[in-house]
Amino acid sequence: MIKDKDGKPLSRSEAEGIMKNRSSVTVSIFAALLALCALIGNQNSSRILNNTLMITDLWGFYQAKSIKQTIAEGQLEDALAAKNENKALELKRKIDRYESDPVSNEGKKELMAIAKEHERHRDTALRKDPWFDYAEALLQIGIVLASVAIITSSGGLLACSVAAGLFGTLATVNGYLLFY
């Protein structure tokens, strides 16, 4: 039973009005949180996709450098067999640049480091992703329960709605900060 500030019980219609107002505010708050959760979750999904594409490109570039390096190594053997010192020296420099080129940041060593960094970012985003899905589901359930509480003026349904919404909010925060 809902009471006024003096502790006097309210009439049924007054209590229903208060319950409907509380439920309506709850729906509005959870809808705003759901929109925020969806926005952050979509940004996270984009981060996963962009990092995955970058990783694929970097490892493809790494593989191309490896192939070129292997070809140059074969040419180096030929140049050494032909005792062509100038060609051998030029090929040795080229092979070294394929292995590591800190000037252009396009040596295999640098490409591997960049790809692994993108993999780390992608993996973190992948660990966050399910939390946004859980949060969206819980917030939607909270909205539905609060909407039903408006119709039925049920305090129990409103309490369940608030619980679902709080868990949804915690899941959103965890998806963003990944503290669990």
Side-chain angles (χ1 to χ4, degrees), residues 1-65 105-106 108-180:
M1 171 143 300
I2 299 177
K3 298 179 181 182
D4 66 11
K5 47 188 157 182
D6 297 328
K8 182 176 137 187
L10 296 175
S11 70
R12 182 175 177 190
S13 62
E14 290 173 324
E16 285 179 0
I18 290 173
M19 184 61 66
K20 287 180 182 188
N21 287 341
R22 289 178 183 172
S23 298
S24 298
V25 170
T26 302
V27 167
S28 299
I29 291 170
F30 290 166
L33 289 171
L34 177 60
L36 182 63
C37 177
L39 176 69
I40 297 169
N42 288 339
Q43 288 174 341
N44 190 65
S45 294
S46 294
R47 197 172 299 119
I48 292 168
L49 180 61
N50 289 337
N51 279 309
T52 300
L53 292 172
M54 184 61 78
I55 291 162
T56 302
D57 288 348
L58 287 165
W59 285 119
F61 195 20
Y62 178 93
Q63 187 176 19
K65 291 282 184 173
N105 230 18
E106 292 182 352
K108 288 178 10 184
K109 178 181 173 185
E110 292 79 18
L111 291 172
M112 181 186 301
I114 296 167
K116 288 191 179 287
E117 183 67 15
H118 282 283
E119 286 175 348
R120 190 180 64 75
H121 289 297
R122 182 213 47 208
D123 292 346
T124 299
L126 282 168
R127 284 194 314 275
K128 291 179 173 187
D129 194 56
W131 288 102
F132 294 114
D133 296 336
Y134 303 147
E136 287 181 22
L138 287 165
L139 288 166
Q140 288 173 357
I141 290 168
I143 290 169
V144 168
L145 291 173
S147 298
V148 173
I150 292 171
I151 296 167
T152 62
S153 296
S154 170
L157 282 175
L158 182 59
C160 290
S161 167
V162 169
L166 287 176
F167 282 119
T169 302
L170 287 173
T172 301
V173 171
N174 189 56
Y176 187 73
L177 299 175
L178 207 58
F179 59 85
Y180 178 75

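Values in this document were obtained by computation on a predicted structure and should not be read as measured data.
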Atom CD1 in I143, atom CD1 in I29: separation rounded to 0.5 Å?
11.0 Å
Separation between NZ (K128) and CD (Q43), nearest 0.5 Å, reads 10.5 Å
What distance separates D123 CG from T52 OG1, expressed to the nearest 0.5 Å?
8.5 Å
Residue R120 excluded, over 12 heavy atoms near CZ under 6.0 Å
yes
Check whether any side-chain heavy atom of D129 lies under 4.5 Å from a side-chain heavy atom of D133, and answer yes or no.
yes
Short N-O contact, R122 and E119, less than 4.0 angstrom:
no
Determine yes or no for a side-chain-to-main-chain donor-acceptor pair under 3.5 angstrom, with K108 supplying the side chain and Y62 the backbone.
no
The reported gap from OH in Y134 to CG in L139 (rounded to nearest 0.5 angstrom) is 15.0 Å
Check: N42 side chain, A38 main-chain N or O, donor-acceptor pair, under 3.5 Å
yes
Could you tell me whether the side chain of S23 and the main chain of M19 form a donor-acceptor pair under 3.5 Å?
yes
Distance check, rounded to the nearest 0.5 Å: L34 atom CG versus L138 atom CG?
11.0 Å
Atom OH of residue position Y180 - does it have more than 12 heavy atoms of other residues, nucleotides or ligands inside 6.0 Å?
no
So, the side chain of N51 versus the backbone of R47: is there a donor-acceptor pair under 3.5 Å, distance only?
yes
Nearest non-hydrogen partners of S24 and I150, listed with the distance
OG-CD1, 3.6 Å
Return the CH2 to CD1 distance between W59 and I114, rounded to the nearest 0.5 Å.
10.5 Å
Taking all heavy atoms of L111 and all of E106, pick out the closest pair and write down the distance.
CD1-O, 3.6 Å
